[in-house]
Amino acid sequence: MFIEEILKYNSIAIVGLAKNAGKTECLNYILRRVKNTGKRFALTSIGIDGESRDQVCQMPKPEIEVFEDMIFITSEMHYRDKRLVAEIMDVSTQQTSLGRLVTARAVSSGKVLLSGPADTGSLRTLIHDMKRWDVDTTIVDGALSRLSLSSPAVTEAMVLATGAALSCNIPQLVRKTKYVYDLICLNEAAPDIVRKLMAIEQGVWSIDDEGNIYDLDIPSVFMLENKKDDIFKHGNTLYAAGAISDKLLQFLRQQKQIREITLIMRDFTKMFASMENYYAFVKKGGTIQVLQKSKLLAVCINPQSPDGYCLDSDELRVAMQTSLGIPVYDVKRIENNSQSKI
């Protein structure tokens, strides 16, 4: 099981591909499995998580259960609403819309609503600061569409939750998940190129055959048209520091030397182009690489959609596993099966 893998990392993100994709169910499964490992875990969120009722569709949601000696970080407002005994360890000076962030240790097991740092920079700092409390692994529960949490610049590894909330059609659900999986699996650029580009956080750059880098004076990929005649004067390898758009991939796909073009992005979370444009670019021979590759520990599925539609768990799991080539888990079913044998 992937639980043993989680114990190897200082930080992991639980990321859902859609709201109600089973992320909280997956998180609770992990917490129940790691509580007696002898390791200390910390738990926080970007956004609000752990509410008993979904704030968008008003459907019942699984609440987050924290176990004794686990550390949790949440806002002042939600700390007051906790349903457990806890010891406050720190109150930050950082303000969120729901008050300051409270770091606390659970003295008893119970339910808690999580609302952590408001941005990924603050989250990185928080994860680093957990060392002072002898935390072995910090788990970050992501908010809707916050794939940036799983960037290797923020957390070391990730667990992906997907399910019927993304699509009630199994082939389409598998295709959408496979797209994200393919992005996560993109190869890293050569180490010497990574070293030169890592500090560059904006603009479009060119890399020649000797590894020299050139600023193309294009602040954003959305301004390609103004410089399109100069883009390839140093070579066919480009680095885009910001978001990768449909417009950029469409432009590159039209070039006669498409099979020689390599596009480098910071990490998979920078891809904002559609699935169709990404695969069209790759099919024509273009190559995409990343500076930092994410570590995917597991894919968990939720066959239940928010509107009550339920896919066949075995059929979905087998289809997803066949497409991705890695183990796929329905954690709720695993637990139900375990309990039925008791």
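Small disclaimer: the values here were computed from a predicted structure and weren't measured.
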Answer yes when R105 and D69 have at least one side-chain N-carboxylate O distance shorter than 4.0 Å, and no when they do not. yes
Using only atom types and a distance under 3.5 Å, with no angle test, would you say the side chain of Q304 pairs donor to acceptor with the backbone of G308? yes
So, does D136 use its side chain to make a donor-acceptor pair with the main chain of R40 at under 3.5 Å? yes
Verify the cluster assignment for I301 and Y309: are they in a single hydrophobic cluster under the rule of side-chain heavy atoms below 4.5 Å apart? yes
Between the main-chain N or O of Q172 and the side-chain N or O of S167, is there a donor-acceptor pair closer than 3.5 Å? no
So does K332 have more than 12 non-hydrogen atoms from other groups sitting under 6.0 Å from NZ? no
CD1 of I139 to CG of L31: how many Å apart, nearest 0.5 Å? 5.0 Å
Taking the side chain as everything from C-beta on, heavy atoms only, tell me whether M89 gets closer than 4.5 Å to I71. yes
Ignoring hydrogens, what is the shortest heavy-atom contact between Q292 and A153? Give both atom names and the distance. OE1-CB, 4.0 Å
Step by step, would you call E188 with K293 a salt bridge (Lys or Arg N to Asp or Glu O under 4.0 Å)? CA-CA 6 Å; E188 286 183 331; K293 187 172 183 175; over 6 Å; no
When rounded to the nearest 0.5 angstrom, what is the spacing between CG in D230 and CD1 in I218? 8.0 Å
Are Y279 and F272 connected in the hydrophobic side-chain network, where two residues link if heavy atoms are under 4.5 Å apart? no
May I have the step-by-step check of side chain to side chain donor-acceptor pair (under 3.5 Å) for E65 and N28, ending in yes or no? CA-CA 7 Å; E65 184 170 10; N28 280 331; over 6 Å; no
Nearest heavy-atom neighbours spanning D129 and R132: O-CG, 2.8 Å
Q250, CD: over 12 other non-hydrogen atoms inside 6.0 angstrom: yes
Decide side chain to side chain contact (heavy atoms under 4.5 Å, CB included) for T137 and V135; before the verdict, give the C-alpha distance in whole Å, the side-chain angles of both, and the deciding distance to 0.1 Å. CA-CA 6 Å; T137 303; V135 167; 5.6 Å; no
Rounded to the nearest 0.5 Å, what separation is found between the CG atom of L216 and the OG atom of S206? 5.0 Å
Between T37 and R33 (side chain of the first, backbone of the second, donor and acceptor by atom type, cut-off under 3.5 Å), is there such a pair? no
Salt bridge or not for R333 and D314, using N-O below 4.0 Å? yes
If you count the non-hydrogen atoms of other residues, nucleotides and ligands that lie under 6.0 Å from NZ in K295, is the total more than 12? no
Short side-chain to backbone donor-acceptor contact, Q289 and N187, under 3.5 Å: no
Neighbour count above 12 (heavy atom, 6.0 Å) for D215 CG: yes
For the residue pair V34 and M70, what are the closest heavy atoms and their distance? CG2-CE, 4.2 Å
Could K176 and Y179 be counted as a cation-pi pair, given that NZ or CZ must be under 6.0 Å from the ring centre and within 45° of the axis? no
If the threshold is 4.0 Å, N to carboxylate O, is there a salt bridge linking K178 and D182? yes
With a 4.5 Å cut-off on side-chain heavy atoms, are V290 and L183 touching? no
Looking only at atom types and distance, does a side-chain atom of R253 sit under 3.5 Å from a main-chain N or O of Y278, one as donor and one as acceptor? no
Membership question, hydrophobic clusters at under 4.5 Å side-chain separation (ILVMFWY): are Y29 and I64 in the same one? yes
Give the minimum heavy-atom separation between T44 and P117, together with the two atoms involved. OG1-CD, 3.7 Å
Apply side chain to side chain donor-acceptor pair (under 3.5 Å) to residues Y239 and R266 and explain how you reach the verdict. CA-CA 8 Å; Y239 169 59; R266 183 163 289 273; 3.2 Å; yes
So do L263 and L249 actually touch side chain to side chain, heavy atoms under 4.5 Å? yes
So, does N20 use its side chain to make a donor-acceptor pair with the main chain of A165 at under 3.5 Å? no
Nearest heavy-atom pair of I127 and V154: which atoms, and what distance? CD1-O, 3.6 Å
Does S323 reach the main-chain N or O of M320 with its side chain, forming a donor-acceptor pair under 3.5 Å? no
hydrophobic_cluster_shared for F2 and I12, side chain cutoff 4.5 Å: yes
Test side chain to side chain donor-acceptor pair (under 3.5 Å) applied to S11 and T155, step by step: CA-CA 5 Å; S11 59; T155 53; 5.2 Å; no
Run C26 and V159 through side chain to side chain contact (heavy atoms under 4.5 Å, CB included) and show every step you take. CA-CA 9 Å; C26 178; V159 174; 3.7 Å; yes
To the nearest 0.5 Å, how far apart are NZ in K35 and OG in S109? 6.5 Å
List the steps, then state whether salt bridge (Lys or Arg N to Asp or Glu O under 4.0 Å) holds for E63 with K111. CA-CA 7 Å; E63 297 175 282; K111 304 294 178 61; 3.8 Å; yes
Working for side chain to side chain contact (heavy atoms under 4.5 Å, CB included), residues Y79 and I88: CA-CA 10 Å; Y79 180 79; I88 293 179; 3.2 Å; yes
For side chain to side chain contact (heavy atoms under 4.5 Å, CB included), just list the numbers for F41 and I6, CA-CA rounded to whole Å, side-chain angles, deciding distance to a tenth of an Å, and then say yes or no. CA-CA 11 Å; F41 283 78; I6 288 173; 4.1 Å; yes
With C168, the side chain to side chain contact (heavy atoms under 4.5 Å, CB included) member among S305, C310, P303: S305
Examine V282 and Y181 and state if one hydrophobic cluster contains both, with Ile, Leu, Val, Met, Phe, Trp and Tyr joined whenever side-chain heavy atoms are less than 4.5 Å apart. yes
Is the shortest side-chain heavy-atom distance between M130 and I73 below 4.5 Å? yes
Measure the shortest side-chain to side-chain distance between L84 and V66 over non-hydrogen atoms and say whether it is less than 4.5 angstrom. yes
Is the side chain of S45 donor-acceptor paired with the backbone N or O of S115 at a distance under 3.5 Å, no angle test? no
Considering only heavy atoms from C-beta outward, does the side chain of M265 approach that of L291 to under 4.5 Å? no
Taking atom CZ of R259 as the centre, report whether more than 12 heavy atoms of other residues, nucleotides or ligands fall under 6.0 Å from it. no
Nearest-0.5 Å distance, CG of residue L98 to OG of residue S75: 4.5 Å
About how many Å separate CD1 of I14 and CG of L43, when rounded to the nearest 0.5 Å? 9.0 Å
Ignoring hydrogens, what is the shortest heavy-atom contact between A241 and I200? Give both atom names and the distance. CB-O, 3.9 Å
Taking OH in Y214 as the centre, count heavy atoms belonging to other residues, nucleotides or ligands within less than 6.0 Å. Is the count above 12? yes
Counting only N and O atoms by type, is there a donor-acceptor contact under 3.5 Å from the side chain of K196 to the main-chain atoms of G211? yes
Heavy-atom side-chain contact between I231 and L238 under 4.5 Å: yes
Is any side-chain heavy atom of H234 closer than 4.5 Å to a side-chain heavy atom of I207? no
